[in-house]
Protein chains: 2
Amino acid sequence: MSDAAAGTPESPPPSPWERERPVRARVTPAREPLSRERIVEAAFVVLDRAGLDKLSMRQVAAELEVAVSALYAYVRSKDDLLELMYTRLFAGFTLPEPDPDRWQEQVRDYARSWRWRLLSHRDMARISMAHVPFTAELLPYVEALLAIFRTAGLPDRIAAEAGDLISTYIDGFVLEEGMWQDRAAEQSGGGSLARPDWREMADEMQNYFASLPEGDFPHLRALSGVMVTDSSDERFDIGLEIILRGLASYLPDREA
Amino acid sequence: MSDAAAGTPESPPPSPWERERPVRARVTPAREPLSRERIVEAAFVVLDRAGLDKLSMRQVAAELEVAVSALYAYVRSKDDLLELMYTRLFAGFTLPEPDPDRWQEQVRDYARSWRWRLLSHRDMARISMAHVPFTAELLPYVEALLAIFRTAGLPDRIAAEAGDLISTYIDGFVLEEGMWQDRAAEQSGGGSLARPDWREMADEMQNYFASLPEGDFPHLRALSGVMVTDSSDERFDIGLEIILRGLASYLPDREA
DNA sequence: ACCTGAACACCGTTCAAGT
DNA sequence: ACCTGAACACCGTTCAAGT
C-alpha cells in the first residue's frame, strides 16, 4: 500500500494513554520510561556490584525499581542482554588507519586499550569470551583489525588467524586476572567491600611455588619469582610480544 | 592416646547398620554406594547429554537415582564438582621428557592432545577456562610443560608466560569451536539429536562475509574463504605455529 | 503502550529425620 | 554411616490483567 492509502499520514492515532501524556501531571517524580539503554546500564551496575554469577534479570529489575517481567518488553532474554553489554563495551572504540610501518605498535595499542575496556567492568572478560564479534555492529572492528594485519603484508591465512589469536589472548589474560582478583578478595575480606590485597596474594603464591619439593618441581621453583608478579601489565606485554614476533616471522623480508 | 588404650585394636565397633550389611539380603539390585568418582562420572554423562548450562546438582543426582542432598556428603559444592571434572580430564595424561632439539614438536603434541581431551566432552573448554592448574594434582603437568620450555633454552620470563599463553590458546580455540557447534546444532535441528551440519554452517558463514558491502569490508570479504573453514584442525595448527615461532625468536642463536 | 502480579518449572544448599 | 524429604532463598520466562 502507498503512503496515500494510509489514512493518517505521519503517525498512527494516539492511544488513550498516549493522549494523556502531555498533561504531565506527575506529582511523583515519575521515572523516565524503560529502554534497552537503561536496562543495559542497570545491568552494568549490578555486574560491578555483584559479579556475573549474581547478575540476574531480577536484580537488574530491582536496580530499575521495576517488575522483572517489564524487562522482557525490551530484551528477548538474558543472553540477549549479555550480548548487548558485550556490544556496548565497543562503543566509541576506534581503530587507526592501518600503517604498514607501525603495524606492531598499532596492534599493541589495540590490545592494551581493549584490555582496559575489559578491566573497566567486573567479569567482563567472561562475557567477552562467550561471544564472537560477528554481529552487524561489531564487524567494522574485526575489519579494522584485519586491515592492519593485511596491510602489514601478512599472508591471508595468517592474517585471518591473527585476529582470533590476539582477541583470545586478551580475553584469556584478563579472565585470569579476574580470577586472581576474586580469589584475593574472598580471601582477605569475605564481603564485597574487601580491597583485593593483590600484593599479599602474589607473595603467598610465590611462597607456595618456592615451598615445593626441590626434586619434583625444579622449574616451577626456579620460575616462582616470575610466574606471579604484582605487575600484570608487564606479563601482558610479554605474551603480546611473543605473538607479535610470531606474526612478524611470516612477513616477506622487507628491504630498506 | 596410644593404640593400646583404645579398647578394640584395628577398627571401631560396627554400628548397628554396618552389622547388618554382611547378610546381603538385597532383593533389589542395591546400587553400589555413592563416591566422588561415581558422582564425577555421572556429571560427565549429564554434561555430554545436556551441556554445561543444564548441568545441575539435581540432574546429576537424578542420573544416579539419588536425592540431591546425598551428593553433598561427597562434594562440597557445585564448584567443587566442576573442579573435580577439570582435574579428571588430566587423568592419564603424560608429558614427555624434555628434549631441547624437539621442543617445538613436543609442544605441538601436547597442544593437540590437550585439544582432543577438551573435545571429548561437551563444553569442557568452558570448564577448563574457569580453572587454573595450580592444585596439588595438576602442578606436575605445569612443571612438565615448563620443563620443555626451559630446557629448550627460553629465557625465564618467556618460559613462565609460554605455558599460560599456550593453554589459553587451546582453551580459547576449543571454546570457539564449541560455540560454532552449538550454533550449528540449534539451527539445523533444534532438538538434542540434531547432527551439527558443520559444513552447511561454514558455507553459510562464508556467504555472509562474501555478501558484505565491498566498500566497507574489503578485508573481511577477501578473507571470507579462510576465516571459517570446515577443517578447524588446520586453523588450530596455524595459530599454534604463530605462537611457536614467536617463542623460537627468543632462543639464543643456535649453532649447528 | 507500558507495566504488574502471579505462576511455572527450575536452581544450590542446608538440615532434621529416617534406617 | 549413609541417605531422604522438606525447606529456604533464589533463578529465567510467560502471560493474563491492570491503567
Side-chain angles (χ1 to χ4, degrees), chain A residues 11-39 42-43 46-47 49-85, chain B residues 11-39 42-43 46-47 49-85:
Chain A
S11 56
S15 79
W17 303 277
E18 232 174 4
R19 198 172 317 182
E20 278 168 4
R21 231 185 8 185
V23 178
R24 287 183 200 279
R26 21 169 155 170
V27 182
T28 45
R31 316 175 303 255
E32 55 196 321
L34 236 35
S35 66
R36 284 162 83 90
E37 255 316 309
R38 285 195 65 215
I39 293 174
V46 174
L47 180 68
R49 186 204 303 135
L52 181 58
D53 291 331
K54 308 228 146 157
L55 171 60
S56 67
M57 298 299 277
R58 293 178 128 97
Q59 290 298 316
V60 174
E63 181 65 30
L64 292 163
E65 294 180 279
V66 132
V68 214
S69 45
L71 303 180
Y72 287 87
Y74 300 88
V75 140
R76 252 186 311 278
S77 63
K78 187 184 176 182
D79 273 357
D80 190 30
L81 176 54
L82 290 174
E83 191 177 314
L84 288 173
M85 296 172 79
Chain B
S11 55
S15 80
W17 303 279
E18 234 173 4
R19 199 172 317 182
E20 278 168 5
R21 231 185 10 184
V23 178
R24 287 183 199 279
R26 17 171 157 170
V27 182
T28 45
R31 318 173 303 252
E32 56 195 319
L34 236 36
S35 66
R36 284 163 83 90
E37 254 318 308
R38 285 194 65 215
I39 293 174
V46 175
L47 180 69
R49 187 205 302 135
L52 181 57
D53 291 332
K54 308 227 146 154
L55 171 60
S56 67
M57 298 301 276
R58 293 179 129 98
Q59 290 298 318
V60 174
E63 180 66 30
L64 292 163
E65 293 179 278
V66 131
V68 213
S69 45
L71 304 180
Y72 286 87
Y74 301 87
V75 141
R76 253 186 311 277
S77 65
K78 187 183 176 182
D79 272 358
D80 190 30
L81 176 54
L82 290 174
E83 190 176 314
L84 288 172
M85 296 172 78

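Below, read A as the first sequence line, B as the second, and so on, with proteins coming before strands; counting in each chain starts at 1.
One finds the NZ atom of A:Lys78 at 12.0 Å from the CG atom of A:Leu71 (value rounded to the nearest 0.5 Å). With rounding to the nearest 0.5 angstrom, the OG atom of A:Ser35 is 6.5 Å from the CD1 atom of A:Ile39. Here the CG atom belonging to B:Leu55 is positioned 11.0 Å from the CD atom belonging to B:Glu63, to the nearest 0.5 angstrom.
A:Ala73 comes within contact range of no nucleotide atom at all, as no heavy-atom separation falls under 4.0 Å. When heavy atoms are screened at a 4.0 angstrom cut-off, B:Ser69 is found touching base atoms of the nucleic acid.
Here the closest non-hydrogen pair linking B:Glu32 and B:Arg38 is O-NH1, 2.7 Å. Closest non-hydrogen pair, B:Val66 versus B:Ala70, comes out as CG1-CB, 3.5 Å. Shortest non-hydrogen contact noted between B:Val60 and B:Ala43 is CG2-CA, 3.9 Å.
Here the side chain of B:Arg36 pairs no donor or acceptor atom with the backbone of B:Leu84 at under 3.5 angstrom.
For A:Met57, whose side chain is taken as the heavy atoms from C-beta onward, the closest listed nucleotide among D:dG12, D:dC2, D:dA7 is D:dG12. Side-chain atoms of A:Leu34 lie closest to C:dC3 of the nucleotides C:dC3, D:dC3, C:dT4. Checking D:dG12, C:dT4, D:dC2 against the side-chain heavy atoms of A:Ser56 singles out D:dG12 as nearest.
Following rounding to the nearest Å, B:Leu52 (CG) and C:dC11 (C1') show an atom-to-atom distance of 14 Å. Residue A:Asp79 contributes atom CG, which lies 12 Å from atom C1' of D:dT13 at whole-angstrom precision. Counting to the nearest Å, the C1' atom of C:dT13 and the CG atom of B:Asp80 are 13 Å from each other. Put simply, NZ on B:Lys54 is 9 Å from P on C:dC11, counting in whole angstrom units. C:dC10 atom P lies 15 Å from atom CZ of A:Arg58, rounded to whole Å. In this structure, A:Leu71 places its CG atom 9 Å from P of C:dT4, rounding to the nearest Å. At whole-Å resolution of the value, CG in A:Asp53 and P in C:dG12 are 12 Å apart. Between the NZ atom of B:Lys78 and the P atom of C:dT14 there is a distance of 15 Å, rounded to whole Å.
Distance noted for atom P between C:dC10 and D:dA9: 22 Å (whole Å).
Look at B:Tyr72 and you won't find any side-chain N or O under 4.0 angstrom from OP1 or OP2 of C:dC15. Side-chain nitrogen and oxygen atoms of B:Gln59 include at least one within less than 4.0 Å of the OP1 or OP2 phosphate oxygen of C:dC11.
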**Item:** Canonical and wobble pairing (Watson-Crick, G-U, under 3.5 Å) of DNA chain D, dot-bracket with |
**Value:** ||.|||||...|||||.||

